[in-house]
Amino acid sequence: IEVAYEVRAGGSGGTVVGQKTVSFAATNRYNPNGNPAETIDPNSGYTIQSGVLYTLTVTGTDADGNTETSTIEDTA
């Protein structure tokens, strides 16, 4: 079971500037309310820039291999 995060600069077709995958046992539950909180650090050498559109895509995969994806965009 896992939750994968991907951050792109310049919208959904932009460059990947950060990513993280969190894996856990099938008996655990992921609490999306921030406990535990997840931080997606920028890739080495990248600095978050004011005025740039960023896209966060989150994909959850369950024990059966089913996936669900959600995407949101915002400007820094």
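Just the heavy atoms: all of them, side chains too, but no hydrogens, waters or symmetry mates, feed the values below.
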Quiz item: What residues form a side chain to side chain contact (heavy atoms under 4.5 Å, CB included) with D62, not counting sequence neighbours?
Solution: D64, N66
Practice problem: For I48, enumerate each residue passing the side chain to side chain contact (heavy atoms under 4.5 Å, CB included) test, keeping only those at least two apart in sequence or located in another chain. | Solution: P42, Y46, Y54, A76
For residues 11-21, tabulate all N or O donor-acceptor pairs below 3.5 Å that involve a side-chain atom, not counting sequence neighbours.
residue, atom, partner, partner atom, Å
K20, NZ, E38, OE1, 2.8
K20, NZ, T39, O, 3.3

Quiz prompt | Which residues share a side chain to side chain donor-acceptor pair (under 3.5 Å) with T59, sequence neighbours left out | solution = T69
Quiz item: Who are the side chain to side chain contact (heavy atoms under 4.5 Å, CB included) partners of L56, not counting sequence neighbours?
Solution: Y5, V7, V58, I72
Quiz prompt | Sequence-distant partners of S44, side chain to side chain contact (heavy atoms under 4.5 Å, CB included), two or more places apart | solution = none
Practice problem: Would you give the length of the straight line joining atom OG1 of T55 to atom CD of E6, rounded to the nearest 0.5 angstrom? | Solution: 9.5 Å
